[in-house]
Number of protein chains: 2
Amino acid sequence: MFGKGLDVCCGSCPHAWPNFKNLSSDEIKELSKHRFQSNFSAGETIFKAGSPTSSAVFLSSGIAKVYLEGFDGKKIILNLAKPGYLLAGPGNYVDSTHHYSVVALTDVTACFIDMNLIKSYVRKNPMFAEGYLKDISGKSLRIFYKMMSLVQKKMPGRMAEGLLSLADEVYGADEFNPILSRQELGELTGMAKENVVRIMKEFCNEGIISTNGSTITIKDKDKLKLISANG
Amino acid sequence: MFGKGLDVCCGSCPHAWPNFKNLSSDEIKELSKHRFQSNFSAGETIFKAGSPTSSAVFLSSGIAKVYLEGFDGKKIILNLAKPGYLLAGPGNYVDSTHHYSVVALTDVTACFIDMNLIKSYVRKNPMFAEGYLKDISGKSLRIFYKMMSLVQKKMPGRMAEGLLSLADEVYGADEFNPILSRQELGELTGMAKENVVRIMKEFCNEGIISTNGSTITIKDKDKLKLISANG
DNA sequence: ACTTTGCATTGATATTTATCACTATATTAG
DNA sequence: CTAATATAGTGATAAATATCAATGCAAAGT
């Protein structure tokens, strides 16, 4: 299913961007009219770094990975996006291009909203502008801490932190299927895939986690937190 | 010299934050009235991560280093701030605390402007809000690229990039005194101070740069760019 | 002048991490 | 079912980087 509008109102969408609460009902109606919707299969690209930020994108279902394209094709996964997460990035107010790429990890339904409309609300509606500022500020802060972690922690610390963030922030459970391959877990934690395997095995041997097929279970969260904190 | 106001108007300050151009003359007057000014000697802390973002800070003269406080007291220098650079950070719209620290590298004169005033203009003046969004977006993007560089490039690439950014973005000249110690150059480029020394020596031997006392001269910028680009 | 202190520099060494080569195990396409 | 392809896993090795232990050097204080 894809196409325009589908007579659904963004104001009643349970997965809407929280900042849409700051829009008037007229603005919401206008927004809903200009909404496009499209489906992506797991593995498909939703948008690529370098493409124009013509639309703000939100997932209404599914999970996607948000990553920077580095040198030699190496990637850094910044975040896993769930419904409610604004996919547009800081390039929107700098050079109107995306600076990260987004790829569906599961099957995904995505809403596309004309960026000019968003920008016009920023100009007309100060609370909406403030909400946008809060959104981008929060994401900036996350990047600060991600950078500190990647630069200063050693591999076991980064791996522990990655597993904790998957459990607490993404899946909300201590037993989860990360969907990410070992390669992608490496892109999330800044290490080669072989080292992901080795460190996870070590964590298993020490009884900190266990794995069953593709499912990871955190057995000793306190220890994992300790490893994450000690770098 | 320190204290309130001093009858100087932020509207005519050549070092004012560019976004102040979006304020009305009344707003500028009000801003100027609520301005505090204070001097810092080289090495003095202007504010620390964790402190409340009660004021937006701008330098009217001098240079300061902006850095993250990492683990084990290790630091990451994000930027060198010159006049015109908003020192407030993304914490302002998240938890009202600073997430980076700022220390004067030279003697500095700093202006403190009540953050509630800034926030009130964001709510009242959409163009000012948009300017704020642009500011924080640009800084976010810089962090993206800084992170990629620190995570994916090897030491010579990071060192080359650091020297180029000092020359082009901070000092605007190929011969400059970085003011930063070797330790601090390491915090800027993500390496131990000993490795800063070794790589700079290597660059000297290859005729890419030369050093005279604390002055660094870039001799072969193209080669430096190549090293930076190749990681 | 003489100590003290901090930074710069150097070489040796240890640690961390990536890479390579390969096997095993799935998973998918025909 | 079987070949083909992708991912997971393993061990050995090489490369990158940090750490340690000295030494020199220069500014600042007494």
Side-chain angles (χ1 to χ4, degrees), chain A residues 41-44 65 70-77 103 105 149-163 177-205 209-216 227 230-231, chain B residues 41-43 65 70-77 103 105 149-163 177-205 209-216 227-228 230-231:
Chain A
S41 303
E44 284 186 323
K65 63 175 175 178
F71 312 95
D72 302 320
K74 279 181 199 162
K75 295 166 186 166
I76 299 176
I77 295 181
V103 166
L105 285 175
S149 168
L150 289 182
V151 172
Q152 298 193 331
K153 286 185 184 178
K154 281 168 284 175
M155 290 197 301
R158 302 203 299 271
M159 191 75 238
E161 179 169 306
L163 291 172
N177 178 339
I179 317 182
L180 301 168
S181 68
R182 304 297 146 140
Q183 173 67 38
E184 289 169 320
L185 284 171
E187 289 162 3
L188 182 72
T189 55
M191 67 186 77
K193 61 184 186 303
E194 291 94 331
N195 292 324
V196 171
V197 171
R198 277 186 270 261
I199 289 171
M200 295 246 294
K201 188 183 172 191
E202 183 62 22
F203 284 180
C204 280
N205 290 344
I209 65 171
S210 70
T211 59
N212 187 341
S214 54
T215 304
I216 297 173
I227 294 171
N230 291 340
Chain B
S41 303
K65 63 175 174 178
F71 312 95
D72 303 319
K74 278 181 199 161
K75 294 166 187 166
I76 299 176
I77 294 181
V103 166
L105 285 174
S149 167
L150 290 181
V151 171
Q152 298 193 333
K153 286 185 184 177
K154 280 169 284 173
M155 291 198 299
R158 301 202 300 271
M159 191 77 238
E161 178 169 306
L163 291 172
N177 178 341
I179 318 181
L180 300 168
S181 68
R182 304 296 146 144
Q183 173 67 37
E184 288 169 321
L185 284 171
E187 289 162 2
L188 182 73
T189 55
M191 66 185 77
K193 61 185 186 304
E194 291 92 333
N195 292 324
V196 171
V197 171
R198 277 186 269 261
I199 289 172
M200 296 246 294
K201 188 184 172 191
E202 184 61 23
F203 283 180
C204 280
N205 289 344
I209 64 170
S210 70
T211 58
N212 186 342
S214 53
T215 303
I216 297 173
I227 295 172
S228 169
N230 291 341

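So that the names make sense, note that chain A is the first sequence line, chain B the second, and so on, each numbered from 1. Since the model is a prediction, treat every value here as computed from it, not as a measurement.
- Listed by residue number, Arg182(B), Gln183(B) are the residues of residues 182-189 of chain B with a heavy-atom contact under 4.0 Å to DNA chain C.
- Atom-to-atom, CG of Asn230(A) to P of dT16(C) comes out at 13 Å; the value is rounded to the nearest Å.
- Shown for residues 192-201 of chain A: residues whose heavy atoms fall under 4.0 angstrom of DNA chain D, namely Glu194(A), Val197(A), Arg198(A), Lys201(A).
- Here the CZ atom belonging to Phe71(B) is positioned 10.0 Å from the CG atom belonging to Asn230(A), to the nearest 0.5 angstrom.
- Distance CD1/Ile77(B) to CG/Leu185(B): 7.5 Å, rounded to 0.5 Å.
- In this structure, Lys74(B) atom NZ and dT17(D) atom P are separated by 14 Å, rounded to whole Å.
- Proximity of Val103(A) to Glu44(A): side-chain heavy atoms (C-beta onward) are nowhere separated by under 4.5 Å.
- Whole-Å rounding puts the Met155(A) CE to dA15(D) P distance at 18 Å.
- Checked by atom type and distance alone, the side chain of Arg158(B) pairs as donor or acceptor with a backbone atom of Thr189(B) at under 3.5 Å.
- A side-chain hydrogen bond (donor to acceptor under 3.5 Å, both in side chains) with Glu184(A) holds for exactly one of Lys75(A), Lys193(A), Lys65(A); it is Lys65(A).
- The distance between atom CG of Leu105(A) and atom P of dT7(D), rounded to the nearest whole Å, is 13 Å.
- Remark: P of dT17(D) and CD of Gln152(A) are 16 Å apart, rounded to the nearest angstrom.
- To the nearest 0.5 Å, atom CD1 of residue Ile199(B) and atom CE of residue Met159(B) are 7.0 Å apart.
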Working for side chain to side chain donor-acceptor pair (under 3.5 Å), residues Asn177(B) and Ser214(B):
CA-CA 6 Å; Asn177(B) 178 341; Ser214(B) 53; 3.1 Å; yes
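- Whole-Å rounding puts the Lys154(B) NZ to dT17(D) P distance at 7 Å.
- Per the geometry, CZ belonging to Phe203(A) stands 15 Å off P belonging to dG9(D), to the nearest Å.
- Distance, Met191(A) CE to dT19(C) C1': 16 Å, rounded to whole Å.
- With hydrogens and angles disregarded, no donor-acceptor distance shorter than 3.5 Å links the side chain of Asp72(A) to the backbone of Lys74(A).
- Checking Lys201(B) against Thr211(B) by side-chain atom types alone, no donor-acceptor pair falls below 3.5 Å.
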